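Because the structure is predicted, anything quoted here is derived from the model rather than measured. Throughout, residue positions are numbered sequentially from 1 according to the sequence presented.
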Amino acid sequence: MAKRCSSSRAGTTPTLIDVARVAGVSPITVSRTLGRPEAVAPATRRRVLEAVRATAYVPNLAAGSLASSRSRLVAIFLPTIANSIFADTVQALTERLAVAGYQTLLGLTGYSAEQEEHLLEAVLGRRPDGIVLTGTEHSQVSRERLARVGIPLVEAWDLCAKPLDMLVGFSHEAVGAAVAQYLLGKGYRRVSLVSLDDPRGLRRCNSLIATLAGHGVAPLATALLPAPATLAVGREGLARLLDAGAAGEVVVCSSDTLAQGVLAEAASRGVRVPDDLAVMGFGDLSCAAHCHPPLSTVRIDGPRIGNAVAEALLARIAEPALARTPLRLDVGFEVVERGSA
């Protein structure tokens, strides 16, 4: 248990020496605990952190990063937090990084390569130890900037032939093809789509359309809507299709959030799911199995992505030579059949 600080006067900023005195350790041990916690015994680390709280000490992280060449910061760029499709990935990623003594900085790109570019310009000045980008589509300026700085980087939730550095994700084209094959196997031929205008959702939809076309099936219509995904947007999508008489036998949605909105709009209009209209989602959110009826969807292993991204970054930070064998991990996906389709 840390001792109460008796040397610091009221109104005086506590110092690292104050923390060391309260914890009963040397100043270098305090510094090491705050900068490289994994290098300190757990019991000592607890004493130091208790002393930090007791003294209300605020470490000078900027000075520490200059001395150690480490910021202990990882920047994570997401398109949106308006729905929870990325929640499992971010939770696993931040928890694993926290155990290793890293804090995370979250930036929202709004599915815009230009906004991602502006965020990178702001974040790179803090020299993060690692960067996580959602997707593989970036502006040329961002690509050149990231190539110059040499910071360990993981592109997540996607696959591509030429990643910037490390890559952990799945093929959106393969998802679209698999959903098409699933629907064809169930006998559906009159297919419509409700999708956001985000690049990865569009790639899934385009792959689904191409696969259906290969079997002589042309989708009836696509309701294309602006991001982010909300239940209201999903309701609007189905309303457009129903008003145009183009909903068909099954509506494929680019996210579970949109699909829930479709279910709500169907219920409000007396459209029975799946008897009158089947519904297919994407993401397998925690609520998907508890909709009425339970939502058929595509499951992505978000925690596995998050843990794999964290481990890849930590390994590269610890041993930069690992850049010679960069990670390329396809986590795959699973089509989940439930009551809605």
Side-chain angles (χ1 to χ4, degrees), residues 34-38 58-81 86 89-169 198-200 227 305-329:
L34 297 177
R36 296 180 56 228
E38 71 279 3
V58 179
N60 186 341
L61 296 179
S65 64
L66 289 173
S68 65
S69 299
R70 295 279 176 84
S71 65
R72 313 300 297 186
L73 179 71
V74 172
I76 304 172
F77 290 3
L78 296 175
T80 178
I81 55 172
F86 302 109
T89 296
V90 174
Q91 186 75 26
L93 172 57
T94 55
E95 286 179 353
R96 178 64 187 91
L97 291 174
V99 169
Y102 284 84
Q103 301 301 316
T104 51
L105 178 67
L106 187 64
L108 302 181
T109 66
Y111 295 98
S112 165
E114 182 181 2
Q115 175 64 10
E116 180 184 80
E117 186 179 307
H118 293 326
L119 284 169
L120 278 172
E121 183 176 3
V123 167
L124 289 176
R126 295 180 61 87
R127 193 66 183 188
D129 290 336
I131 298 173
V132 181
L133 302 179
T134 303
T136 57
E137 300 180 21
H138 320 287
S139 72
Q140 187 60 33
V141 171
S142 292
R143 290 177 177 276
E144 293 172 356
R145 182 175 285 148
L146 289 166
R148 286 198 303 269
V149 297
I151 295 172
L153 166 71
V154 181
E155 293 167 288
W157 271 75
D158 205 350
L159 294 178
C160 69
K162 295 181 178 180
L164 295 173
D165 187 2
M166 297 176 281
L167 187 64
V168 178
D198 73 274
R200 287 173 296 282
I305 294 176
N307 281 312
V309 169
E311 295 297 344
L313 284 175
L314 293 172
R316 175 70 67 77
I317 292 168
E319 182 49 72
L322 291 174
R324 301 191 190 101
T325 55
L327 176 68
R328 306 284 187 268
L329 177 61

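Between atom CD of residue Glu114 and atom CG of residue Leu119 there is a gap of 11.0 Å, rounded to the nearest 0.5 Å. Taking CZ from Arg328 and CG from Leu167, the interatomic distance works out to 6.5 Å, rounded to the nearest 0.5 Å. To the nearest 0.5 Å, atoms CD (Glu144) and NE2 (His138) are separated by 13.5 Å. Once rounded to the nearest 0.5 Å, the distance linking OG of Ser112 with NE2 of His118 reads 7.5 Å. To the nearest 0.5 angstrom, Arg143 atom CZ is 8.5 Å from Glu137 atom CD. Summarising the geometry, atom CG belonging to Asp129 is positioned 13.0 Å from atom CZ belonging to Arg316; distances are rounded to the nearest 0.5 Å.
The shortest distance between side-chain heavy atoms of Met166 and Leu153 does not fall below 4.5 Å. Residues Leu78 and Val90 meet the side-chain proximity criterion, which asks for heavy atoms closer than 4.5 Å. A heavy-atom distance below 4.5 Å is found between the side chains of Leu146 and Ile131. Put simply, the side chain of Leu97 reaches to within 4.5 Å of the side chain of Leu314, judged on heavy atoms. Residues Ile317 and Tyr102 have side chains in contact (heavy-atom distance under 4.5 Å, counting atoms from C-beta outward). Under the 4.5 Å side-chain criterion, counting only non-hydrogen atoms from C-beta, Val168 is in contact with Leu327. Contact annotation: the side chain of Thr94 approaches that of Ile76 to within less than 4.5 Å [non-hydrogen atoms, C-beta and beyond]. Contact check for Val74 versus Leu313: side-chain heavy atoms found under the 4.5 Å cut-off.
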CA sep, side-chain torsions, deciding dist, call: Leu124, Arg145, side-chain contact (heavy atoms from CB on, under 4.5 Å): CA-CA 9 Å; Leu124 289 176; Arg145 182 175 285 148; 3.3 Å; yes

Does the pair Ile81 and Phe86 meet the rule for a side-chain contact (heavy atoms from CB on, under 4.5 Å), with working shown? CA-CA 8 Å; Ile81 55 172; Phe86 302 109; over 6 Å; no

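For the residue pair Ile151 and Asp165, the shortest heavy atom distance occurs at O-OD2, 4.3 Å. Residues Val309 and Ala156 approach most closely at CG2-CB, 4.1 Å, considering heavy atoms. Across all their heavy atoms, Leu329 and Leu159 have their closest contact at O-CD2, 3.9 Å. When every heavy atom of Pro37 is checked against every heavy atom of Gly101, the shortest pair comes out as CG-CA, 3.6 Å. Listed here is the closest heavy atom pair of Arg200 and Gly135: NH1-CA, 3.5 Å. Listed here is the closest heavy atom pair of Ala92 and Asn307: O-OD1, 3.8 Å.
Within a 6.0 Å sphere centred on CG of Leu106, heavy atoms belonging to other residues, nucleotides or ligands number more than 12.
Remark: the backbone N or O of Arg127 is paired with a side-chain donor or acceptor of Ser71 at under 3.5 angstrom. Glu155 places a side-chain N or O within 3.5 Å of a backbone atom of Leu164 that can act as its donor or acceptor partner. A donor-acceptor contact shorter than 3.5 Å links the side chain of Thr134 to the backbone of Phe77.
Ser139 and Ser142 form a side-chain donor-acceptor contact under 3.5 Å, judged by distance and modelled atom types alone.
Between Arg72 and Glu38, at least one side-chain nitrogen of the basic residue sits less than 4.0 Å from a carboxylate oxygen of the acidic one, meeting the salt-bridge criterion.
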